[in-house]
There are 2 protein chains.
Amino acid sequence: MKMLGSRTTLDWPDGEERFPTSVCMDCAVRRDSLCGTLAGEDLIMLHKLGRRRRLRRGESIAWAGEESRGCANVLSGILKVSALTADGREQIVGLLYPSDFVGQPFVGSFEFTVTALGDAEICTFRKSDFEGFLSTRNGMTQALLRRTFDTLSDARKRMLLLGRQSASERIADFLLQTFERIGGYSASANGPVTFDLPLSRGAIADVLGLTIETVSRQMTKLKMAGVIALPGGRAVTILKRDALRRMADAA
Amino acid sequence: MKMLGSRTTLDWPDGEERFPTSVCMDCAVRRDSLCGTLAGEDLIMLHKLGRRRRLRRGESIAWAGEESRGCANVLSGILKVSALTADGREQIVGLLYPSDFVGQPFVGSFEFTVTALGDAEICTFRKSDFEGFLSTRNGMTQALLRRTFDTLSDARKRMLLLGRQSASERIADFLLQTFERIGGYSASANGPVTFDLPLSRGAIADVLGLTIETVSRQMTKLKMAGVIALPGGRAVTILKRDALRRMADAA
DNA sequence: CGCAATGTTGACAATTCTCAAGGATCGTGG
DNA sequence: CCACGATCCTTGAGAATTGTCAACATTGCG
């Protein structure tokens, strides 16, 4: 049974900070977030509905099984979306990076838990406010629909991974996907790259449907094979990207 | 490596039948399908964009990795949405029942295969037509968004199943879910119920991320434990629904 | 009626998990 | 700045679950 962190909702806790008026214009994620479809008047209106929240590592914003009353854009940090069995086994069913959207407007319940993996910031909206806003903006509804289809495709690809791929394939896939998402410096298209994994071994295990020990052993195996290096901490160096790609798909 | 069935696209094959004008009004799935949000003028307009297609068992309508050009409502039959590894392992990532919607308007690619498990009928739309239609109907876009969120939640729950549940839990869950979806006669709320599984053992294995043999053995085990009966063919009788429910969640 | 597809069962193998111990790393407070 | 505790990571040995291969039974369709 795992520690689940402290509890908050997507409601407005007392004393939550208001945005300074100019904040959307220089928002770090505006270009890539759902709000990126907006400009001028609309952006200002949505901005008035949003509140910025700071989350500490381990803090959760939505709880499985409850009526969900909020949604949000991720500004910074990485969050996990997870599902739990009755006896406490966890499966991470999604990772949220900056500019990602969380929540399900027009749907009553949200049966998953969203937790900050490290300190994070999100821009939250009351669900009813957001729904009202969407209702008169078909373009933004379409943008959200497009995002949701993409999220669904990701989930389905991960179903293939969870149902049909071996531990080594899962690890290879995870390393590549994580690199593609967070980058790191990449000299040549195929040269070695180094980056920090944003997840602990335990979190990686919960993403991949494995145990911590299996994750650790597979990483060691890749290191021994000269495919990756583990410089220390959560850093990884991908030495043979093509080998990793080959392992990720078939095997 | 599996047989993948014959190929068709969601384009208009020559000689495809046109709807008789009245067909939407007495469409068997209208009430529950996406079209259920429409009436009058709108329904007629959408109707003009649709074509009915008959699919034979094993026939596919969309192919992994291709530019997808259509979407559809399921009228009758059951279809599978599946993902494949490079070496031919299959994971069924979704099942489509009558009134379900398939396709991803506003998204370029659809990286999964949709195949009829038995003979089926669908009502297809050119993707561009459907997008155009949605663009001036925020209500229907919202309805599709809601559906997509529901599909996403289903996929995520199945990720928990695939990543963290044992073979017996998966089978118990599958039997209950299938019963809830297709029904069958149910005397009392907890009394025994009999119904036909719409999937072969192989398809069940591909849904649950198991092998045919494991599925078969687990079924036998449930039969021996007196939880279910297997009257023959694909029929199943759930004798102890509460026992099955207990097995489905924890262990 | 007979063939092809589907389902069951058995024996054995392989992968992954569990339990356990020890080492590395990180953050905090003295 | 170092020491300490807590957390995280690695490695090993053995167990358990599930997969593989093979044979045979059953079902359904022509």
Side-chain angles (χ1 to χ4, degrees), chain A residues 1-5 56-58 85 87-91 117-119 161-172 174 196-224 228-236 247 251, chain B residues 1-3 5 56-58 85 87-91 117-119 161-172 174-175 196-224 228-236 247 251:
Chain A
M1 202 66 93
K2 310 214 172 189
M3 233 296 275
L4 291 173
R56 269 165 319 209
R57 163 197 176 76
T85 60
D87 61 343
R89 284 166 287 171
E90 175 174 359
Q91 175 66 45
L117 287 173
D119 292 350
L161 183 125
L162 293 172
R164 291 298 185 213
Q165 304 202 204
S166 69
S168 59
E169 291 172 308
R170 297 183 202 201
I171 295 289
F174 175 80
D196 271 344
L197 293 174
L199 279 70
S200 69
R201 293 288 187 272
I204 295 173
D206 286 337
V207 168
L208 300 180
L210 300 169
T211 57
I212 292 179
E213 295 92 327
T214 300
V215 172
S216 185
R217 278 188 254 267
Q218 292 295 336
M219 299 279 257
T220 304
K221 212 161 126 193
L222 285 176
K223 187 177 73 178
M224 293 313 176
I228 63 171
L230 298 171
R234 288 186 184 166
V236 185
M247 300 178 68
Chain B
M1 204 64 96
K2 311 210 172 191
M3 234 297 274
R56 271 164 319 208
R57 164 199 175 73
T85 60
D87 60 346
R89 283 166 286 172
E90 174 174 0
Q91 175 65 46
L117 288 173
D119 292 351
L161 183 128
L162 293 171
R164 292 296 185 215
Q165 302 199 211
S166 68
S168 59
E169 292 172 306
R170 297 183 203 200
I171 295 289
F174 175 79
L175 290 175
D196 271 344
L197 293 173
L199 281 69
S200 69
R201 293 289 186 271
I204 296 173
D206 286 338
V207 168
L208 300 179
L210 300 168
T211 58
I212 292 178
E213 294 93 328
T214 299
V215 171
S216 185
R217 278 189 255 267
Q218 292 294 335
M219 299 279 257
T220 304
K221 213 161 126 192
L222 285 176
K223 188 178 69 180
M224 294 313 176
I228 64 172
L230 298 170
R234 288 185 183 166
V236 186
M247 299 178 68

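Naming convention: chains lettered A, B, ... in sequence-line order (proteins, then strands); numbering from 1 in each chain.
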Upstream residue (5' side of DNA chain C) when B/M224 and B/G163 are each assigned their closest nucleotide: B/M224
Nearest-nucleotide 5' precedence on DNA chain C, B/T214 against A/L210: B/T214
Starting at [atom1] of [X], measure out to [atom2] of [Y] and round the result to the nearest 0.5 Å.
X      : Y      : atom1 : atom2 : result
A/K223 : A/L230 : NZ    : CG    : 5.5 Å
A/T214 : A/L208 : OG1   : CG    : 10.5 Å
A/I204 : A/R234 : CD1   : CZ    : 8.0 Å

When you compare the side chain of [Y] with that of [X], does any pair of heavy atoms fall below 4.5 Å?
X      : Y      : answer
A/I171 : A/M247 : no
A/R170 : A/L162 : yes
A/L197 : A/M219 : yes

Atom-to-atom span, [atom1] of [X] to [atom2] of [N] - whole angstrom:
X      : N      : atom1 : atom2 : answer
B/R234 : C/dG7  : CZ    : P     : 5 Å
A/L208 : C/dC17 : CG    : C1'   : 15 Å
B/L230 : C/dT9  : CG    : C1'   : 14 Å
A/E213 : C/dT18 : CD    : P     : 8 Å
A/Q218 : C/dT16 : CD    : P     : 6 Å
B/I171 : C/dT8  : CD1   : P     : 11 Å
A/I212 : C/dC19 : CD1   : P     : 13 Å
A/E169 : C/dT15 : CD    : P     : 12 Å

Classify [X] by what it touches in the nucleic acid, base, sugar-phosphate, or nothing, heavy-atom distance under 4.0 Å.
X      : value
B/R164 : nothing
B/R170 : nothing
A/S216 : base

Covered region of DNA chain D, 5' end to 3' end, by chain A [heavy atoms, under 4.0 Å]: D/dC8 to D/dA13
B/R217 side-chain proximity, nearest of C/dC17, C/dT16, C/dT9: C/dT9
Short side-chain donor-acceptor distance under 3.5 Å, A/E169 and A/S166: yes
Under-4.0 Å side-chain N/O to phosphate OP1/OP2 contact, B/T220 with C/dT9: yes
